Colleague: 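Below: one structure in structure tokens.
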Amino acid sequence: MLVITAGALMEAYRKVKGPEGKCRATKEESKTRGWQPPQQNCFKVNVDATISNDKQLSGLGVVIRDSAVKAIAAAIKTTKFYGDVAYAEAETASWGLQVAKNAGLVALIIETDSQMVADLINNRRGSKNEIFWVISKIQDKIKELRNGKVQHSLRSCNVIVHTLSKLAFVYSNAVVWLDSFPTEIMNVFTSLNE
């Protein structure tokens with residue numbers, strides 16, 4: 001786990017806050033079908049879940065990149081699958097926020113290919129009872145950031161993190177890589193051009 005001092009965290013916040021203090025998708029991004037980097041001084045946290053029905057497991061994947069498309073962090077882990085894909089997707093968004101927080105990142109766009117989860121987090125849809133607490137936890141984490149948002153993306157814009165979520169089934173424990181990545185993860189980044 002990455003440990004960061006309060007002073008370093010505040011300095012990082014000042015650097016990434018940006019002139020308006022908000023991360024936002026560009027107008028062009030909302031019209032395109034491919035992955036787009038976040039604005040300068042902001043980080044995009046792409047999250048996705050993959051399901052293994054036979055193992056009753058969810059593979060969770062997280063990729064965090066900056067405006068120069070540099071991978072800042074990648075993470076995978078498995079959790080129990082409770083029979084609801086939206087729950088697994090919400091769990092992944094929550095874990096992605098935790099990975100970003102542990103990396104000291106505060107200006108974030110969380111991007112998921114689950115329209116339902118994005119709508120629930122953004123209060124555009126009434127909550128499903130079985131994932132209410134996960135959504136509530138995500139909303140609280142975003143409020144703590146003071147500079148974060150959640151948006152939906154097409155699966156075609158989330159190919160790298162979807163591939164990483166499948167790798168979670170190969171590892172027995174949660175794994176988080178910061179700045180330096182093993183060859184198999186670098187191969188995922190370079191072979192899939194979003």
Side-chain angles (χ1 to χ4, degrees), residues 1-4 8-9 11-12 15-16 23 25-26 28-29 32-52 55 57-79 81 85 88-114 117-118 141 145 148-194:
M1 177 179 282
L2 177 69
V3 178
I4 188 163
L9 181 61
E11 180 62 27
K15 286 181 180 176
V16 300
C23 284
T26 63
E28 295 80 28
E29 180 175 357
T32 65
R33 297 188 65 86
W35 187 87
Q36 297 292 311
Q39 71 183 41
Q40 192 170 359
N41 300 321
C42 192
F43 300 90
K44 189 172 278 188
V45 182
N46 288 89
V47 298
D48 198 22
T50 302
I51 308 305
S52 173
K55 295 179 183 178
L57 292 174
S58 301
L60 311 183
V62 176
V63 175
I64 303 174
R65 290 175 278 191
D66 64 13
S67 60
V69 194
K70 179 184 180 232
I72 304 300
I76 56 174
K77 78 173 182 176
T78 56
T79 62
F81 178 56
V85 175
E89 294 282 357
E91 195 174 29
T92 308
S94 180
W95 191 55
L97 278 167
Q98 187 62 46
V99 171
K101 180 179 179 181
N102 290 345
L105 308 176
V106 294
L108 308 173
I109 296 173
I110 310 300
E111 198 166 73
T112 174
D113 62 8
S114 172
V117 169
K141 285 180 182 180
L145 291 172
K149 69 178 268 182
V150 176
Q151 65 189 30
H152 171 259
S153 68
L154 300 173
R155 169 65 58 86
S156 61
C157 300
N158 237 7
V159 175
I160 290 175
V161 75
H162 182 72
T163 303
L164 273 181
S165 69
K166 291 179 182 180
L167 282 176
F169 298 123
V170 176
Y171 290 80
S172 56
N173 296 312
V175 182
V176 177
W177 299 278
L178 297 173
D179 290 324
S180 178
F181 306 97
T183 303
E184 70 180 313
I185 301 304
M186 287 305 296
N187 288 341
V188 171
F189 289 149
T190 57
S191 68
L192 298 172
N193 187 7
E194 289 182 320

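Being a predicted model, the structure only gives us computed values, none of them experimental.
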Colleague: What's the shortest heavy-atom distance between Ala90 and Val117, and which atoms?
Modeller: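 Scanning both residues completely, I find the closest heavy atoms to be N-CG2, 3.8 Å.
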Colleague: Working note: Gln39 + Ile109, criterion side chain to side chain contact (heavy atoms under 4.5 Å, CB included); need CA distance, chi angles, decisive distance, verdict.
Modeller: CA-CA 10 Å; Gln39 71 183 41; Ile109 296 173; over 6 Å; no
Colleague: Can you measure from CD1 (Ile110) to CG (Leu108) and round to the nearest 0.5 angstrom?
Modeller: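 Those atoms lie 5.0 Å apart.
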Colleague: On a heavy-atom basis, which atom in Ser67 and which in Pro37 lie closest, and how many Å separate them?
Modeller: O-CB, 3.6 Å
Colleague: Nearest 0.5 Å please: distance from the CH2 atom of Trp35 over to the CD1 atom of Ile160.
Modeller: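 It comes to 8.0 Å.
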Colleague: Answer whether the closest heavy-atom distance between the side chains of Ser94 and Glu91 falls below 4.5 Å.
Modeller: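 Contact flag for Ser94/Glu91 side chains = no.
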Colleague: List the atom of Ile185, the atom of Ala74, and the distance in Å for their closest heavy-atom pair.
Modeller: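 Looks like CG2-CB, 4.4 Å.
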Colleague: For a 4.5 angstrom cut-off between non-hydrogen side-chain atoms, does Asp179 reach Lys70?
Modeller: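 Side chain of Asp179 against side chain of Lys70, heavy atoms only: contact under 4.5 Å found.
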Colleague: Supply the atom-to-atom distance Ile64 CD1 to Ile72 CD1, rounded to the nearest 0.5 angstrom.
Modeller: 8.5 Å
Colleague: Is any side-chain heavy atom of Trp177 less than 4.5 Å from a side-chain heavy atom of Pro182?
Modeller: yes
Colleague: Among Thr50, Val176, Val62, Leu167, which one satisfies side chain to side chain contact (heavy atoms under 4.5 Å, CB included) with Ile76?
Modeller: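 When Thr50, Val176, Val62, Leu167 are each tested with Ile76, the side chain to side chain contact (heavy atoms under 4.5 Å, CB included) holds only for Leu167.
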Colleague: Rounded at 0.5 Å granularity, tell me how far CG in Leu105 sits from CG in Leu178.
Modeller: 8.5 Å
Colleague: Applying side-chain contact (heavy atoms from CB on, under 4.5 Å), can you list everything that pairs with Ile51, at least two apart in sequence or on another chain?
Modeller: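 Counting only residues at least two positions away or on another chain, Ile51 forms a side-chain contact (heavy atoms from CB on, under 4.5 Å) with Asn53, Ser58, Phe81, Val85, Ala88.
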Colleague: Between Asp113 and Asp48, is there a side-chain heavy-atom distance shorter than 4.5 Å?
Modeller: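 Counting from C-beta outward, Asp48 and Asp113 do come under 4.5 Å.
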Colleague: For Ala174 and Trp95, which heavy atoms make the closest approach, and how far apart are they?
Modeller: CB-CZ2, 4.3 Å
Colleague: Which pair of heavy atoms, one from Val45 and one from Ala100, lies closest together, and at what distance?
Modeller: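 For Val45 and Ala100, the tightest heavy-atom pair comes out as CG2-CB, 4.2 Å.
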Colleague: Would you name the heavy atoms of Ala49 and Leu60 that are closest together and state the gap between them?
Modeller: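 Here Ala49 and Leu60 meet closest at CB-CD2, 4.1 Å.
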Colleague: Give, for atom CG of Leu57 and atom NZ of Lys77, the distance between the pair rounded to the nearest 0.5 Å.
Modeller: 12.5 Å
Colleague: Glu111 and side-chain hydrogen bond (donor to acceptor under 3.5 Å, both in side chains): which partner among Lys149, His152, Lys44?
Modeller: Lys44
Colleague: Mind checking the CG-CZ spacing from Asn187 to Phe181? Nearest 0.5 Å is all I need.
Modeller: 13.0 Å
